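This report concerns only the one structure given below.
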Amino acid sequence: KAGVTQTPRYLIKTRGQQVTLSCSPISGHRSVSWYQQTPGQGLQFLFEYFSETQRNKGNFPGRFSGRQFSNSRSEMNVSTLELGDSALYLCASTPGSSGRKQFFGPGTRLTVL
Amino acid sequence: TQLLEQSPQFLSIQEGENLTVYCNSSSVFSSLQWYRQEPGEGPVLLVTVVTGGEVKKLKRLTFQFGDARKDSSLHITAAQPGDTGLYLCAGVGSGGSNYKLTFGKGTLLTVNP
């Protein structure tokens, strides 16, 4: 099986712009979670989708949003980008409804100038 | 809020040495996972420990879950340069939050030849 894929791998944006990141989970996986990784804060949970429904959201402002499509692919969007949004954004997929075994993609490195 | 603290934050050792990294929390988790992340990649799951007091071995790596399921350790014997990477522990919530991982900030291990 192919692993979790994320596109694009690298992205450079300027403050105030918006960005959309994409994640394709492993075939058959229905749950997709998003995380933000920075050197200072480590990996922080953004949100998780299961069967096109957001089940929970982390402590991020409303500028961060996401969605999941019927084929389980997921996108996350960040509007009005700030310098502090520069980070590695990781997507992870899970076979079932439990988070016990998550498979991570390589991430999208977002740089905000 | 469940928090996981990892120590040490950085560790640089010579090939052949032994090391232990720690993961501590004031919260109880249903299970705890250890990941290794290499530059440019997403975290890769090494092991999941579920039962208090559980010990799991993966070649030269030994993982232990504390009796109270609040802490864990990772011991590496005779470290090799290929062990270099960021080691992350992650707690899996219980009940309705079993899809969510809470990560520590990681231990960056460098094994010098």
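All chains are named by letter (A, B, ...) in the order of the sequence lines, taking the proteins before the strands, and each is independently numbered beginning at 1. Model, not experiment: these values are computed from the prediction.
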Report whether [X] and [Y] are members of the same hydrophobic cluster (ILVMFWY, side-chain heavy atoms less than 4.5 Å apart, transitive linking).
X: A/L46; Y: A/F103; answer: no
X: A/L11; Y: A/L81; answer: yes
X: B/L58; Y: B/W34; answer: yes

Distance, nearest 0.5 Å, that separates [atom1] of [X] from [atom2] of [Y]:
X: A/F104; Y: B/Y35; atom1: CZ; atom2: OH; result: 5.0 Å
X: B/T102; Y: A/Q44; atom1: OG1; atom2: CD; result: 10.5 Å
X: A/T38; Y: B/K105; atom1: OG1; atom2: NZ; result: 8.0 Å

Quick check: are there more than 12 heavy atoms from other residues, nucleotides or ligands sitting under 6.0 Å from [atom1] of [X]?
X: A/E52; atom1: CD; value: yes
X: A/R15; atom1: CZ; value: no
X: B/Q9; atom1: CD; value: no

(message) Please classify the contact between A/Q6 and chain B as side chain, backbone, both or neither, with a heavy-atom cut-off of under 4.5 Å.
(response)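 The answer is neither part of A/Q6.
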
(request) Tell me, for A/R109 versus chain B, whether the close heavy atoms (under 4.5 Å) come from the side chain, the backbone, both or neither. (result)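 Neither part, no heavy atoms under 4.5 Å.
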
(request) Flag the pair B/P43 / A/L43 as yes when at least one side-chain heavy-atom distance between them is below 4.5 Å, and no otherwise. (result)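 Side chain of B/P43 against side chain of A/L43, heavy atoms only: contact under 4.5 Å found.
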
(message) Between A/Q37 and B/Q37, is there a side-chain heavy-atom distance shorter than 4.5 Å?
(response)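 A side-chain contact exists here, since the closest heavy-atom pair is under 4.5 Å.
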
(request) Against chain A, label B/L88 side chain, backbone, both or neither, depending on which of its atoms sit under 4.5 Å from a heavy atom there. (result) side chain

